[in-house]
Amino acid sequence: MQTHTYDVVIVGAGGAGMRAALESSTRARTAVLSKLYPTRSHTGAAQGGMCAALANVEEDNWEWHTFDTVKGGDYLVDQDAAEIMAKEAIDAVLDLEKMGLPFNRTPDGLIDQRRFGGHTRNHGEAAVRRACYAADRTGHMILQTLYQQCVKNEVEFYNEFYVLDLLLDTDLREAKRPRKGAEVTVVGVVAYELGTGEIHVFRAKSVILATGGAGKIFKTTSNAHTLTGDGMALALRRGLPLEDMEFFQFHPTGLAGLGILLSEAARGEGAILRNSEGERFMERYAPTIKDLAPRDIVARSMANEVREGRGAGPHKDYVLLDLTHLEPEHIEAKLPDITEFARTYLGIEPFTDPIPVYPTAHYAMGGVPTTINTEVLRSNTDVVGGLFAAGECACVSVHGSNRLGTNSLLDINVFGKRAGVAAAAYANEHELVELPEDPAAEVVAELDRIRTAEGGENVAELRRTLQETMDADAQVFRTEESLTRALGTIDDLRRRYRSVSVQDKGRTFNTDLLEAVELGFLLDLARVVVVGALARQESRGGHFREDFPTRDDKGFMHHTMAYARPTSGPDTEIRLETRPVTVTRYQPMERKY
Amino acid sequence: MTATTTSPAASVGEVPSFDVTLRFRRFDPDAANPEPFWQEFTVTAHGTDRVLDAMHKVKWELDGTLTFRRSCAHGICGSDAMRINGRNRLACKTLLKDLDLSKPIVIEPIKGLPVVKDLVVDMEPFFASYREVMPFLIAQGNTPSKERRQSPEDRARYDDTTKCILCAACTTSCPVFWTDGQYFGPAAIVNAHRFIFDSRDEGAAQRLEVLNDKEGVWRCRTTFNCTDACPRGIEVTKAIAEVKRAMITRAF
Ligand SMILES: Cc1cc2nc3c(=O)[nH]c(=O)nc-3n(C[C@H](O)[C@H](O)[C@H](O)COP(=O)(O)OP(=O)(O)OC[C@H]3O[C@@H](n4cnc5c(N)ncnc54)[C@H](O)[C@@H]3O)c2cc1C
Ligand code: FES
């Protein structure tokens, strides 16, 4: 076992982690730990754009952007946070340009902007061009540009290091929690080096969680195999709450059967959704902005078309994304990658044939709760000293119950930067906290248990069952019955997971072992999603209960805070509490588009 | 309103299934006697499956010790470059139906980098070359308060080389790189190109100096392997030629 000491340790090298690193590494001694090489992070998969009210091509301002974000999130957005994001968006985009990001340009040489779902002029009048973009590779360019800057600034990376535990100076897992105002401080993290199998303890004054999403709890997803929600699960296991996990975004246009994403930019550029009758069905569901309605509405409309028998294809189980009326040169210039996806993976020529699409699990609105300065909350009122979170693993909450497209690349830049600044400032004002005795003991014991077990449960089988269950019972449409069934399956899988085993017993690059560990994270998070969804007896944003089809502001205009608590048995249980939504300018209204 | 409703051919729904045999070059450094060896597995696959899907089937159902990198599974992250039937490709972007399935599919690690385990190679030498070409915007003077302007034409000038995902498929397909481990290799030159031809950048002279070194661009023998290997369709050989030309025409 090796021990390292830093001022700031950043867990994750996606957009949020690297944006943080650029700030903290110039102010304090910083290490970035990532289970992937930085440029492999899933930020690189983002396609459509990052929005900011630059007003380069038409009138726009940050207040309209704030309003759209709040309304898009079905009023579960913390409005102070949304306002900060919309204001700081402008500098976030300009910062990236100055770092060299190759944005598409207007004829005058300014950053070009395009339309995206839910972004409107003057509080919903019409779609506005707010998304800054680089073809359909905006995320790729952001990830590359941030990595380039990290190379320039000689940021220290530990690549292919899996962080498997978060060390705090107080045990928050017990039923009895520290009193209000009591100081709880981060101590560091425990990591596993994939290349050697060695355990490393990193002591740090500040730790930033930036581990990205958790899409792999579902079967059909746009997320990478490695998006297993590690940071969220680590926090939960250490007794910290997770916020609003029942809200998961299903993106309307995944390649049918595969889940690979076709950006909303396709609809932004004029593509149309049609059912088997060729009807532009979104005209019925969102008469004003039609195909550019927010994702939850479009995804549900699509699923509804399929349910009512108007799906296309041999099994009538998808709808069609039609680009055939658009100018091929224009599309090739603006959407080169996604047209290639259709060709490569489905053998469809998008200029002559419509593309089969169906909703795909895409984005976790919930996550580790933070203040607007990215400090991690351990309760509704208290933060953990030195612990920060940013990006998809965090919940600030700027996305509420449904994130608008292009607001996540924005989120990772705005709050990534804030996290880097705040973590360095904290580190510069505080001393290191003593490590507990044998800090890696729990991780070592867990890994040894899995590695040495023989003939136990199979990881792939448990994972497939989990993912199929979540797709069937906790996806676009949910009911008490489906969720109860899902919870039963998850509890059973959790029991079986306790005797999981792997075939690879080696030390070097043991991905078999790490997949088992990641499955543990998925099982933790899926349970929180389902427990939260069961309790939320209303429909709001990405969470739709068929048995409670309307939004209920009296009963549920609050955030969910989920804690794992000990029971008398071997498993924990999920306890739910609530947290008020911060409302500043906008009173909840019915969401119509 | 009318629209084409032709159902897309055999894309989703009833897809044919078939058996495929995969033949892997394997290496386990933890074995008592670590020697590379070949091993075959046969799995059932479906019409739209990619090589990566078949490899997952092997790992998840037959042999958990089979080791490879992967993440995004749709050709974006650059994790899974490997030699498939003698050509460098991404396993997640190679459809089984496009390969000759009458014979085993031969899968080996990319060449020229030390093998760590099975299909996993040590990527550090590759990233070290990348870092050496100063792959970041170099701009002097005060940073402007708004964005720098760049015309769409100037932006288009270096578009091709911005697509690089650092998968190493090009570099490890290059015969010069195989025999001369010091050579920067195509990927590093592609990333230098990305900045040399960016109108906002002022570091071209420094980069060209680095690449003018004896292990720099001049080692390229224009075999086009790199262009064929690039999963992003970057015209790698053309980019290298442009860098060579810049070296001759630009005084530095
Ligand atoms: C296909 C697709 C398209 C998208 N398009 C857009 C778009 O157009 N606009 C938009 O705004 N948003 C878009 N999004 C959403 C957006 O891209 C993501 O939400 C965002 O990039 C997440 O960034 P992140 O930095 O939080 O996480 P990631 O980029 O996923 O990075 C996570 C990092 O954490 C590391 N990590 C994870 N677990 C561990 C661990 N245990 N130990 C160490 N390291 C760990 C990983 O190695 C990685 O470096 C898209 C998402 C997808 C999937
Ligand atoms: S897994 Fe990402 S490129 Fe293949």
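Just so it is clear: chains get the letters A, B, ... in the order the sequence lines come, proteins before strands, and each one is counted from 1.
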Exercise for the section: Ignoring hydrogens and angles, state whether a donor on the side chain of B:Thr65 or A:Lys505 is under 3.5 Å from an acceptor on the partner side chain. Expected result: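 Side-chain D/A pair, B:Thr65 to A:Lys505: absent.
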Practice task
Decide whether B:Trp60 and A:Glu515 meet the rule of one side-chain donor and one side-chain acceptor closer than 3.5 Å.
Solution key: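 Side chains of B:Trp60 and A:Glu515: pair found under 3.5 Å.
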Within the side chain of [X], is there an N or O that forms a donor-acceptor pair under 3.5 Å with the backbone of [Y]?
X	Y	value
B:Arg155	A:Pro102	yes
B:Arg200	A:Gly100	yes
B:Arg70	A:His225	no
A:Lys98	B:Glu147	no
B:Asp30	A:Arg507	yes
A:Gln503	B:Gly64	yes
A:His42	B:Cys77	no
B:Gln150	A:Arg105	no
A:Arg40	B:Gly78	yes

Could you tell me which portion of [X] (side chain, backbone, both or neither) has an atom closer than 4.5 angstrom to a non-hydrogen atom of chain B?
X	answer
A:Leu94	side chain
A:Phe103	backbone
A:Asp112	neither
A:Glu160	side chain
A:Leu96	neither
A:Thr106	backbone
A:Leu36	side chain
A:Asn56	side chain
A:Arg463	side chain
A:Met141	side chain
A:Asp91	neither

Residue [X] versus chain A: region with a heavy atom under 4.5 Å:
X	result
B:Ile138	neither
B:Glu132	neither
B:Lys97	neither
B:Val120	side chain
B:Leu95	side chain

Exercise for the section: Could you tell me how the ring of B:Tyr130 sits relative to the ring of A:Tyr147: parallel (under 30°), tilted (30 to 60°) or perpendicular (over 60°)? Expected result: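 Rings of B:Tyr130 and A:Tyr147: parallel, as their planes differ by under 30°.
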Counting heavy-atom pairs under 4.5 Å to chain A, which of [options] comes out on top?
options	answer
B:Lys146, B:Met123, B:Arg50	B:Arg50
B:His56, B:Arg131, B:Arg148	B:Arg148
B:Cys72, B:Ala156, B:Pro152, B:Ser151	B:Pro152
B:Arg194, B:Met134, B:Glu153, B:Glu61	B:Arg194

Problem - Option in A:Leu110, A:Ile260, A:Leu261, A:Thr344 with maximal non-hydrogen atom pairs under 4.5 Å from chain B - result: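 Winner by heavy-atom pair count: A:Leu110.
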Problem - Under-4.0 Å salt bridge between B:Arg232 and A:Asp337 - result: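 Here B:Arg232 pairs with A:Asp337 in a salt bridge, since their nearest N and O are under 4.0 Å apart.
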Handout entry: Note: B:Lys93-A:Glu340 ion pair, threshold 4.0 Å (strictly below)
Key =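 Salt bridge between B:Lys93 and A:Glu340, a charged N being under 4.0 Å from a carboxylate O: yes.
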